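Okay, so here's the structure we're looking at.
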Amino acid sequence: MSFYVVSVQPRREERFVHAARQLTRTGADLPTELSFFWPRRKLTIRRKGRRVETLTAIFPGYVFIDAESISDEMYRSLKKLPGFYRFLESNDRIRPLTG
């Protein structure tokens with residue numbers, strides 16, 4: 001399996017992942033073995049003198065996909081999801097992470 005990176009609207013990663021997981025459950029052009037995730041960390045932030053714990057994305061605006069490859073049908077389905085911007089390196093040259 002290889003990891004692909006999708007650039008999405010910042011702070012909307014969860015919405016994108018939820019919609020993509022819904023597509024995999026319905027079987028609409030996305031295989032069920034796809035894994036979507038975005039690494040997060042727990043931060044303690046002070047707001048109005050109080051400490052508040054929040055989960056924030058380590059890489060805001062990026063979602064990682066664990067897949068063998070990205071087919072044209074998968075690309076078209078993901079492109080329609082809310083908050084989708086593009087794949088990395090580009091939509092014309094979708095390449096997995098290396099190194």
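For clarity, every value in this text was computed on a predicted model and none was experimentally measured. For the numbers below, each heavy atom of this structure counts, side chains included, while hydrogens, waters and symmetry mates do not.
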- Message: Please report whether the ring centroid of Phe3 lies less than 6.0 Å from that of Phe64.
- Response: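 Not close enough - the centres of the two rings lie 6.0 Å or further apart.
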To the nearest 0.5 Å, tell me how far [X] [atom1] sits from [Y] [atom2].
{"X": "Leu43", "Y": "Glu53", "atom1": "CG", "atom2": "CD", "value": "9.5 Å"}
{"X": "Tyr4", "Y": "Met74", "atom1": "OH", "atom2": "CE", "value": "8.0 Å"}
{"X": "Thr24", "Y": "Leu34", "atom1": "OG1", "atom2": "CG", "value": "7.0 Å"}
{"X": "Leu23", "Y": "Lys80", "atom1": "CG", "atom2": "NZ", "value": "9.5 Å"}
{"X": "Phe87", "Y": "Ile70", "atom1": "CZ", "atom2": "CD1", "value": "4.5 Å"}
{"X": "Arg86", "Y": "Ile94", "atom1": "CZ", "atom2": "CD1", "value": "11.0 Å"}

- Note on the structure: Closest non-hydrogen atoms of Ala57 and Trp38, given as atom of the first, atom of the second and distance, are CB-CD1, 3.9 Å
- Taking every non-hydrogen atom, the tightest pair across Tyr85 and Asn91: O-ND2, 4.1 Å
If you define the side chain from C-beta out and look only at heavy atoms, does anything of [X] sit under 4.5 Å from [Y]?
{"X": "Phe37", "Y": "Val63", "answer": "no"}
{"X": "Val6", "Y": "Ile65", "answer": "yes"}
{"X": "Glu13", "Y": "Pro60", "answer": "yes"}
{"X": "Ser7", "Y": "Tyr62", "answer": "yes"}
{"X": "His18", "Y": "Arg21", "answer": "no"}

- Message: Using modelled atom types and a 3.5 Å cut-off, is there a donor and acceptor pairing between side-chain atoms of Arg11 and backbone atoms of Glu14?
- Response: no
- Query: Do any N or O atoms from the side chain of Arg47 and from the backbone of Val52 form a donor-acceptor pair under 3.5 angstrom?
  - Reply: no
